[in-house]
Amino acid sequence: MTVEFRAGLEGIPATQSSISFVDGQKGILEYRGIPIQELAMQPENTFLETAYLLIWNELPNREVLAEFEHEIQYHRRLKYRIRDMMKCFPESGHPMDALQACAAALGLFYSKRALDDPSYIRAAVVRILAKIPTMVAAFQLMRKGNDPVQPRDDLSYAANFLYMLNEQEPDPFAARIFDISLTLHAEHTINASTFSAMVTASTLTDPYAVIASAVGTLAGPLHGGASEEVIAMLEEIGSVENVRPFLDDRLERKEKIMGFGHRVYKVKDPRANILQHLAEQLFEKFGQDKYYDIAVELERAVEERLGHKGIYPNVDFYSGLVYRKLGIPTDLFTPVFAISRAAGWLAHWKEQLAENRIFRPTQIYTGLHGSPYISIDQRT
Ligand code: CMC
């Protein structure tokens, strides 16, 4: 049988899934069939409702949602030994590495594994969604030499994270925008980190190992790490006047423009449209960001130069500007992405377990055969 090789598995289905749908030509993203704009912009939608929808394939009624929120609140705290472990992390370490280590460490504390028991699945989902924000905020405070603050049960998931991070209760409007942004990043079909979660899940290991491998995959600059790189790039550009010279220079050196391009979208990412709108709302309320004008000009210039190749802003282009305005440090952008994408990873973990077959693709061998062993003295 001849097997066609496609780098990056482009266009090759890795699974069957009913969790989310993307039409990259029309710019459509749906979670369980609901268009992302409709879901995210519903005043009553929250990230936890979105997570429930993705994982259990139904919008929870009031009672079910209240119970889920209550469970999450109850499990937000970290074991003191995890906090002690974090004290040994170097302050200069990247928060994604800290998060990956903490996610994996959960497996040490919750080692029981019962993958065919729905109550085990639920407990793992709750624990992971509850603890990841606490871990991210705790690392931020601890690397500054402060004690982590305890989560507050009277605050929503989004507001509580901003509170734990900035040590003050957030403005309700800022918390709402953050909540929408969490929903926007929660799921996106079989991207690299989700694929890595599924491969790990397919070995029937524990859910903490699944999340740890996904976190490690999300960290790369071609994936979740791009939002951080976007801000660095806008800083480097420095002024609207410098946008075009910068772009010419980058393209001449055949370098990628961060926050642009997507394997699936050949039009502007629908999430980028919403995030741009949210950024504008935040600037109106809390003051302008000098990098926004640069970003808009860069989008215009990239469209002129690369629009014919289908290169438009992706989700990471405007998300950093939103996060900056919410007081989130640049190197926490990707961990914040992980807080929200954990919902999608868990949905795929659960879906994978329901019809599991271990991932074991093939390869096209390009090496030698029957080569002689050369003894060390004879090697050049
Ligand atoms: N800037 C300039 N040119 C680009 C860009 C870009 N950002 N993205 C793609 N291209 C060009 C690329 O040079 C190539 O041109 P040619 O056909 O002439 O050689 C063509 O478009 C196809 O690019 P590719 O790299 O083969 O596309 P891919 O599907 O393998 O990569 C991507 C997709 C997202 C990795 C890539 O667009 C990229 O590196 N973008 C910048 C990093 C980024 O913003 N990543 C966030 C991705 S979205 C959120 C997420 O996944 O977390």
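Below, each value reflects all heavy atoms present in this structure, side chains not excepted, and no hydrogens, waters or symmetry copies. Worth saying up front: this structure is predicted, and the values here are computed from it rather than measured. Start at 1 and go down the list; that is how both ligands and their atoms are numbered.
- Taking the ring centroids of F178 and F161, they lie under the 6.0 Å cut-off.
- The residues lining ligand 1, counting any heavy atom closer than 4.0 Å, are L222, H223, G224, A226, K256, I257, M258, G259, F260, G261, H262, R263, L306, K309, I311, N314, V315, D316, F337.
- The aromatic rings of H223 and F337 lie perpendicular to each other, with more than 60° between the two planes, well past the 30° mark.
- Not counting sequence neighbours, the partners of R6 by the side chain to side chain donor-acceptor pair (under 3.5 Å) test are E4.
- Separation of the H188 and H262 ring centroids falls under the 6.0 Å cut-off.
- F68 meets the ring-ring contact (aromatic ring centres under 6.0 Å, His included) test with Y52, W56; sequence neighbours excluded.
- For F286, the ring-ring contact (aromatic ring centres under 6.0 Å, His included) test picks out no residue, with sequence neighbours left out.
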